Structure formats: structure tokens, C-alpha cells
Amino acid sequence: MNTTLPFEVISNEKKQEGKIQAGLKRVEVFASAEKASDVLAAIKEKGFEATQYDSKGYGEQKEKVRTGRGMGEAQLAYSTRRTIVTIVDSEKLEEIVNAVKSSIGGGVIAISPMDALIHV
């Protein structure tokens with residue numbers, strides 16, 4: 001019995017429009033605004049592209065801001081972070097994670113499998 005897929009799965013070296021890539025990982029880095037440029041530089045140095053956006057979190061770390069004329073301090077209910085997302089081949093995952101870890105100092109790296117990536 002021969003099963004066919006409704007799409008053609010190609011290796012990651014051959015990026016073609018309309019084809020689906022398999023064997024990819026999505027790497028999300030949650031970093032402080034100060035460290036975001038270092039993380040982006042590390043990703044670019046390894047030859048990958050990334051998307052960055054602002055995010056807010058309700059975790060252990062709270063952000064403090066000055067109030068009034070700089071005399072008081074207030075603690076925000078959330079912390080602002082930058083979320084940096086890149087997609088890498090499974091074979092390059094360890095290389096990119098090590099590069100990000102060395103540049104970030106502290107933060108969170110989330111890795112999830114990608115079922116498919118379609119170039120349109």
C-alpha cells in the first residue's frame with residue numbers, strides 16, 4: 001500500500017515557493033530590552049533571520065518605574081520583554097541555542113517543533 005501526501009515535503013536546503021519544509025524547530029527567546037540586540041546579533045552571526053516584538057509578562061520579575069519628580073518608585077504589575085523568534089533546522093538547533101545562551105545572560109528560551117513551513 002502506497003500512501004501519498006497532499007503536498008511535497010522537501011529538505012531544508014531546497015527552499016522553493018509552494019513547497020513544505022519539514023524537520024524544523026521554532027526557537028523563541030524572551031529577553032530584556034537591553035539584551036535583545038545582543039541576541040539578534042548572535043542569531044545573525046550564525047546566518048539566521050529573526051523576528052522581534054514587544055511582549056509583557058506577569059511573572060516573578062516586576063519592573064520598577066520612577067514616579068513624581070524622581071523621588072518615588074512604583075512597581076508595575078507586569079514586566080516588559082522582547083520576544084525574538086527564529087526557525088532553524090533540527091541539525092542547527094544546538095548551535096543556535098548555544099549562541100543565544102552566551103549572548104543573553106538570563107532569560108527564557110522556548111523550543112517547539114514545526115509541523116510545516118510553507119514559502120508563499
Side-chain angles (χ1 to χ4, degrees):
M1 182 172 165
N2 189 5
T3 306
T4 58
L5 298 173
F7 51 82
E8 180 183 353
V9 177
I10 62 170
S11 67
N12 295 329
E13 294 84 38
K14 307 176 206 168
K15 294 180 181 175
Q16 299 173 0
E17 191 172 311
K19 304 293 180 177
I20 296 179
Q21 291 182 305
L24 301 172
K25 301 287 183 185
R26 176 185 169 120
V27 179
E28 285 185 271
V29 181
F30 303 98
S32 65
E34 297 82 29
K35 293 290 185 177
S37 60
D38 295 338
V39 173
L40 287 168
I43 291 171
K44 187 175 182 178
E45 184 179 295
K46 295 296 179 184
F48 293 97
E49 297 176 356
T51 300
Q52 167 186 295
Y53 53 91
D54 294 329
S55 54
K56 294 181 180 180
Y58 295 91
E60 293 176 16
Q61 294 180 345
K62 305 287 187 214
E63 208 169 305
K64 293 181 180 179
V65 295
R66 295 193 185 267
T67 59
R69 297 183 181 196
M71 302 303 281
E73 228 177 49
Q75 190 171 13
L76 298 177
Y78 57 85
S79 61
T80 56
R81 294 280 180 256
R82 297 281 166 90
T83 303
I84 301 157
V85 180
T86 188
I87 299 169
V88 299
D89 299 329
S90 296
E91 301 88 37
K92 302 276 186 178
L93 180 63
E94 189 173 345
E95 179 183 348
I96 199 78
V97 167
N98 288 336
V100 169
K101 282 167 88 176
S102 66
S103 69
I104 195 171
V108 175
I109 301 173
I111 302 167
S112 57
M114 299 254 332
D115 290 335
L117 177 65
I118 303 171
H119 293 274
V120 182

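Worth saying up front: this structure is predicted, and the values here are computed from it rather than measured. Numbers here are sequence positions counted from 1.
- In this structure, the side chains of S32 and R81 come closer than 4.5 Å at one or more pairs of heavy atoms.
- A donor-acceptor pair under 3.5 Å links the side-chain atoms of S90 to the main chain of G23, judged by distance alone.
- Considering only heavy atoms from C-beta on, L24 comes within 4.5 Å of D89 through its side chain.
- Atom OG1 of T51 is separated from atom CD of E28 by 10.5 Å, given to the nearest 0.5 angstrom.
- Taking all atoms of both residues into account, the shortest heavy-atom contact from S103 to K35 is O-CD, 4.0 Å.
- Going from atom NZ of K44 over to atom OG1 of T86 covers 13.0 Å, rounded to the nearest 0.5 Å.
- With rounding to the nearest 0.5 angstrom, the CD1 atom of I96 is 9.5 Å from the CD atom of E45.
- Cluster membership for F48 and I109, using ILVMFWY side-chain heavy atoms within less than 4.5 angstrom, is shared.
- Side chains of I87 and K25 form no contact here, defined as non-hydrogen atoms less than 4.5 Å apart.
- Looking at I43, L93, V97 one by one, the single match for side chain to side chain contact (heavy atoms under 4.5 Å, CB included) with V88 turns out to be L93.
- By the 4.5 Å heavy-atom criterion applied to side chains, I84 and L40 are counted as neighbours.
- In this structure, V27 and V100 have side chains that are not in contact, with every pair of non-hydrogen atoms separated by 4.5 Å or more.
- Between A33 and R82, the closest heavy-atom pair is CA-CG, 3.8 Å.
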